[in-house]
Structures are given as structure tokens and as C-alpha cells.
Amino acid sequence: MKENRAFQRGAVYQIYPRSFCDSNGDGIGDIPGIISKLDYLKDLGVKILWLSPIYKSPLFDMGYDVADYFDIHPDYGTMEDFDNLLKEAAKRDLKIVMDLVVNHTSDENEWFIQSKDPKSPYHAYYYWRKGKGKNGELPPNNWTSQFTGPAWTYEPSNGMWYLHLFSKKQPDLDWHNPKVLEEVEKVINFYLDKGVYGFRCDVINQIYKDSLEDGKGHAQSGRGSEHYLMTEGNHRILRQIHDDCFAHRGDRVMIGETFNVDPENGRRFLENKELDMFFHFDLMNLDKALFGILTKKVKTTKFKETAFKWQKGVSWNANYLENHDQLRSIPRFGDEEHYWKESGKCLGLFNVALKGTPFIFEGQEIGMVNFKDIRDPEKSRDCVAWMVSDIMKKYPIPKGLKKKLISRVDRDHERAPMQWNNGVSAGFSSNSSTWIEVNESKSFANVEDELKDPDSILNFYRKLLRLHQNCDPLCLGEFEEIPTKGNLIAFKRIYEYQEVVVVINLGKKEIPYPEFAKGKECLINTYLDPSKEKKLRPYEALILK
């Protein structure tokens, strides 16, 4: 790819605003807190900041339930604060990407409140249908929510049912209505006019429902998805948004969250200029079983095969190993107990060296891990944990096992406050009481201590991201797999007449140093002491010229 756009040269850093930095001592992260850390982010070496939703919201799903797209949630600040963030970020050559949530709104959005009246023009903004059965007492179809349970909720005030692919607090917009497209384009243009670089688009490959026929999927979660995942209408709408809002603006970006995407549809998203890149979930699903409630060990060969399928399959990738919906990557794909530091560096190098844009979730650069304790669903701040808990109450599962299983899907783990130091509330807040508890890992994973340690995960990321920015093969190069076995992963990145070789031991045992890597200049190594070219140490990773 020979274009040279900002997202090709720079890594994206995802900020979960509620947990990043609290400026006023109320225990909740906010926009002024983000502004106070812009110098840190610039020094880290990222170029783009993606903010999880900051819109006005009842926060049932922590902002992925928008009540007003044109207002900022008061917990985070004001629109003036947001404008100031844009201004201060631009001073540091940092770009801002917002989260765009338009498959659904909050049930407290004024559009939905008015839509309950069948005579209101907003009624057609949502999927309102009469129920089945003699008195309409049954849902219009058998679809199930991706958050478990039925995908329809009955509204007594009008005797109708409304569709929600997620919680009942998140009613789906009906994109068959051209007014919905108009409203969404108003939102997009409002923020682009302010200077926002672009959007990460939540569940964007399921906005257009081809039909409301009964589905064939599993009864527990997502039944009916064959009628709404990556439909022709979906492709058409995304291209329309590109033409209307982006085509005339120069370098801007649209990033899609695309559940169950396949390479064929992925190529269509990119080649038809519907999206600039997209997230797939194949790597994230490798260690999951039974809807994510059970976990299994990931083999390096499967990890490599899955990542490389997408490297070869599409022209540009959004590469990530953790985010606000995924457990921390070191416990999943590394060895937290014996090789925490080595695992954090190794996984970071793998993610940054792949073809595409690297995404880093807040705290990933210091090696944050999940809570050690089993999460209590009654104390969780995550609606998914609540809903899974409600379902499990129907089954005779021992209480201790039930808590353990629910803890595995609880997104509180990855949403714990950012660990700036080992002091009160990890330096996230001056308040000892925070919206969600601080992880005990602050004692060994925090910015203040890691900045002082030349061998820290943080200082490794700083070197790695600078190398990425200034290395054409890493930014723009094509991908070429080098066949390997066992825990060895290797590939080339090639741009014009330049190439680099990436060599990774994703395992806790030494392995022979590969012949094809010998004699090459080392650009970066996860170990401070140079390799002797005899063995690759546990979780050792190198980029060679």
C-alpha cells in the first residue's frame, strides 16, 4: 500500500475515558484528565487517540447507549472541554478518533422516547412490530440478543415490540428509513467539522437488517444473525456515508468493529471505500469456549495461523490484542506468572510489526493484567456480567463455580483504572474511592516506576513505536510469511527495496536460533542484552534488518 496516511504511519492508543485520568477527584476519569496526559502519549510515540464513548448516556453499557450524540456526559466534562482537547492534541500532532455508536441508541434517547407513539415521525426510526400469537403476546421472531435472552422487548404503552440486538436499554435503529442515515450523517459531520480525525464504528457490520424472518443460530446468543451480518444494505450504506461525509475531506478515517467478518466481506469493506480498516475477532476467540464462559489454552501454531490468514487476506488490518471488551493479553497469550515482562514486550512487538495499524489499549504499554480475585457479579459494573448472572440463576450451578464463570466474561477486568503510580488509586485519582476498584497490579505495573527502568515494558514500547514510525517496511510494507514450527513465529515486511525480518519465540522454553535470522542487524530486541544467535530465549522477539 503506497498511500501515506496518518493511520499508516502512527499507532492508535485507545482511551477508556472513565478509567484513564481523573482531574477533579470524583473518582471518575474525564476529558481534562486526558488533556493532562497528552505529553505522556506524545512521548509514548502514538499518533492517534481513540476515545471510547463520551456522549451523554445513562451508562447502562458504559456509553454504548447514547442518549444525545451532540452532548458530552457531565461525568467527563463539557463540549468546551472536548474542543479544548482537540486543540491541545493538535498542538502535539495527535489526532482524535471518536466512537460512533449507531446500530442502536439508548432507550433514554429522545428519538426513542418519541418513537413509542405510532403517530410520531420517530416511530419509523426503530424496529417496532406487532407480536405473534392470539393477542400479540409473543415476540415478532425468534432472534436472540448478543447479550443473551430475547432480542425483542414488549412496550405496554403502544402494545408493540421493539428490536434490540444487545440489551433492552439499546433499541436498534431502523436503517431502512433514510431519515436515520440523515441523522447519523449530521452527527458525523458535526464532529468532523470540529476537527475529529474519524470514527471507530461500533458493531457497524450489523446495522442493516435484510429481513425479520426467524433465525437459525444458537438459542442463547445471536440467533438471526444471518439476516443482519454484512448485508448488501450494510455495504451500500457505508459507501454512502463515505461519499457524503468523507470523500471531500482528505485524510480522515473510518474504522469498523465487524463481528464474525470473513475475508471476502473484509475485502469489500476496504476495496469499496466503505471502511479504511476493521477489527476481526478471530484471535480474540481462540481461547474462548461456550460463549466465552470457558477458556482454553491457545497454541502458538493456531495463533500464528489465525493472524497470518488476515495478514494475507486483506490489504490493511486493524491489529490489536486487547481493548475495552477483551481481557488483558499477557494472561491470555503469554505467561503472566513466570515471564510477565517478557510476554508484554513480545506481544507488543508482534502486534506493532504486523501489516496494518497497531492499536494499543490504555495500560497495555505497562503490562496491566486482569484482577486476581474472582469478580462478584453483584458488585460488577458490567451489564454483560449482570445478564449472564441472571441467566445462570436458572440453573443448579454451585455458587462458587457460578461466580468463577461469570468473572471470565466480566469486562471490569480490562476497565480498571490506569496505573500511573503505586500511590493512592494508582495515581488515577486523588480520591481513594473510584468508580471501579484499582487493580493490585499497580505495585509492579505503573508508569512512574517503569519510566525509571530501562528494561521496562513501557520503555520498550517507546523504542518500538519510534522504530515503527520511521521504518517504511513496518509502516507500509507488504507481508510475507516465513514457514516455522512450534513456538517460533517469523515473517518479513517488504517495502520497495527494503525489508525487515520479525522473529518471535512465543513460548517459555528456549528454542534454536533460526538460520535465516543469523548475521542480520538487530533493530530492536525485547531483551536488553544482545542475542548470541544460539538460542531464542523465552518470549524473545526481534526485528532484524
Side-chain angles (χ1 to χ4, degrees), residues 57-58 60-61 64-69 100-133 135-185 187 201-217 219 221-238 240-241 257-260 383 387:
S57 164
F60 178 80
D61 191 17
Y64 288 92
D65 48 328
V66 180
D68 188 343
Y69 293 98
L100 186 69
V101 188
V102 291
N103 173 72
H104 49 265
T105 68
S106 165
D107 64 343
E108 297 181 33
N109 190 298
E110 190 61 31
W111 299 347
F112 184 73
I113 293 170
Q114 294 196 39
S115 80
K116 295 177 184 180
D117 178 1
K119 297 179 181 178
S120 167
Y122 290 99
H123 188 71
Y125 278 40
Y126 297 86
Y127 286 93
W128 286 105
R129 297 293 186 273
K130 290 288 186 181
K132 292 182 178 180
N135 298 308
E137 71 277 11
L138 299 175
N141 65 30
N142 69 349
W143 292 9
T144 50
S145 160
Q146 292 178 31
F147 277 180
T148 72
W152 294 89
T153 289
Y154 181 72
E155 171 53 47
S157 68
N158 60 22
M160 302 180 79
W161 297 74
Y162 66 87
L163 176 68
H164 51 87
L165 295 184
F166 296 91
S167 80
K168 65 180 182 181
K169 298 278 294 174
Q170 295 163 295
D172 277 40
L173 288 164
D174 186 348
W175 283 82
H176 290 262
N177 182 354
K179 287 288 185 182
V180 170
L181 175 62
E182 288 181 25
E183 297 281 11
V184 169
E185 288 189 341
V187 174
C201 306
D202 188 61
V203 296
I204 199 64
N205 66 327
Q206 48 193 283
I207 59 174
Y208 190 89
K209 288 69 177 173
D210 259 350
S211 78
L212 297 180
E213 297 176 13
D214 279 353
K216 298 177 182 178
S221 176
R223 184 164 60 192
S225 62
E226 69 270 28
H227 298 300
Y228 59 76
L229 279 180
M230 295 162 293
T231 61
E232 288 301 316
N234 186 188
H235 286 288
R236 175 177 50 79
I237 286 169
L238 287 178
Q240 186 69 53
I241 290 173
E257 182 194 28
T258 50
F259 178 70
N260 271 2
C383 64
M387 288 183 275

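The model shown is predicted, which means the values in this text are computed figures rather than measured ones.
Annotation: side-chain hydrogen bond (donor to acceptor under 3.5 Å, both in side chains) contacts of Asp61 (sequence neighbours excluded): Gln170, Arg411. Trp161 is linked by a ring pair (Phe, Tyr, Trp, His ring centres under 6.0 Å) to Tyr154, counting only residues two or more places apart in sequence or in another chain. Shown here are the salt bridge (charged side-chain N to carboxylate O under 4.0 Å, His left out) partners of Asp107, two or more places apart in sequence or in another chain: Lys169. Contacts of Tyr64 classified as ring pair (Phe, Tyr, Trp, His ring centres under 6.0 Å), with partners at least two apart in sequence or in another chain: His324. Qualifying side-chain hydrogen bond (donor to acceptor under 3.5 Å, both in side chains) partners for Ser57, counting only residues two or more places apart in sequence or in other chains: Asp65. Applying the side chain to side chain contact (heavy atoms under 4.5 Å, CB included) rule to Lys216 yields the partners Glu226; only residues at least two apart in sequence or on another chain are considered. Shown here are the side-chain hydrogen bond (donor to acceptor under 3.5 Å, both in side chains) partners of Gln146, two or more places apart in sequence or in another chain: Gln206, Tyr228. For the side chain to side chain contact (heavy atoms under 4.5 Å, CB included) test, residues two or more places apart in sequence or in another chain that qualify with Lys132 are Leu138, Asp214. With sequence neighbours left out, Asp172 forms a side chain to side chain contact (heavy atoms under 4.5 Å, CB included) with Asn103, His104, Tyr127, Leu163, His164, Leu165, Lys209. Residues that satisfy the side-chain hydrogen bond (donor to acceptor under 3.5 Å, both in side chains) test with Ser106, not counting sequence neighbours, are absent from this structure. A search for ring pair (Phe, Tyr, Trp, His ring centres under 6.0 Å) contacts involving Trp128 returns Phe112, His123, Tyr162, not counting sequence neighbours. Residues satisfying the side chain to side chain contact (heavy atoms under 4.5 Å, CB included) test with Asp68, not counting sequence neighbours, are Lys56, Phe70, Asp71.
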*Check step by step if side-chain contact (heavy atoms from CB on, under 4.5 Å) holds for Thr148 and Phe166.*
CA-CA 8 Å; Thr148 72; Phe166 296 91; over 6 Å; no
*For side-chain contact (heavy atoms from CB on, under 4.5 Å), just list the numbers for Glu257 and Cys201, CA-CA rounded to whole Å, side-chain angles, deciding distance to a tenth of an Å, and then say yes or no.*
CA-CA 6 Å; Glu257 182 194 28; Cys201 306; over 6 Å; no
*Are Asp210 and Asn234 close enough, and set up right, to give a side-chain contact (heavy atoms from CB on, under 4.5 Å), and what steps lead you there?*
CA-CA 9 Å; Asp210 259 350; Asn234 186 188; over 6 Å; no
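Considering all non-hydrogen atoms of both residues, Gly233 and Tyr208 come closest at CA-CD2, 3.5 Å. Nearest heavy-atom pair, Tyr126 versus Tyr122, reported as atom, atom and distance to 0.1 Å: CD1-O, 3.8 Å. Listed here is the closest heavy atom pair of Val102 and Trp175: O-NE1, 3.1 Å. In terms of heavy-atom proximity, His176 sits nearest to Asp174 at N-OD1, 2.9 Å. Nearest heavy-atom pair, Ser167 versus Phe147, reported as atom, atom and distance to 0.1 Å: N-CD1, 3.7 Å. Gly215 and Asn142 make their closest contact through N-OD1, 2.7 Å (heavy atoms, listed as atom of the first residue, atom of the second, distance).
Residues Pro171 and Thr105 meet the side-chain proximity criterion, which asks for heavy atoms closer than 4.5 Å. Put simply, the side chain of Leu181 reaches to within 4.5 Å of the side chain of Ile241, judged on heavy atoms.
Note: Arg129 CZ to Asn141 CG = 10.0 Å, rounded to the nearest 0.5 Å. The structure places OG of Ser145 at 11.5 Å from NZ of Lys168, a figure rounded to the nearest 0.5 Å. Rounding to the nearest 0.5 angstrom, the gap separating the SG atom in Cys383 from the CZ atom in Phe60 is 5.0 Å. The OG1 atom of Thr153 lies 14.0 Å from the CE atom of Met160; values are rounded to the nearest 0.5 Å. Distance check, rounded to the nearest 0.5 Å: CG of Asn158 to CG of Asp117 gives 8.5 Å. We find the OG-CD distance between Ser120 and Gln114 to be 5.0 Å, quoted to the nearest 0.5 Å.
Of the possible polar contacts, one joining the Asn177 side chain to the Ala124 backbone as a donor-acceptor pair under 3.5 Å is found.
In summary, the aromatic rings of Tyr125 and Trp111 are positioned with their centroids under 6.0 Å apart.
By the 30° and 60° cut-offs, the orientation of the rings of Trp143 relative to His227 is parallel.
Of the listed residues (Val184, Thr231, Ile207), just one forms a side chain to side chain contact (heavy atoms under 4.5 Å, CB included) with Ile237, and that residue is Ile207.
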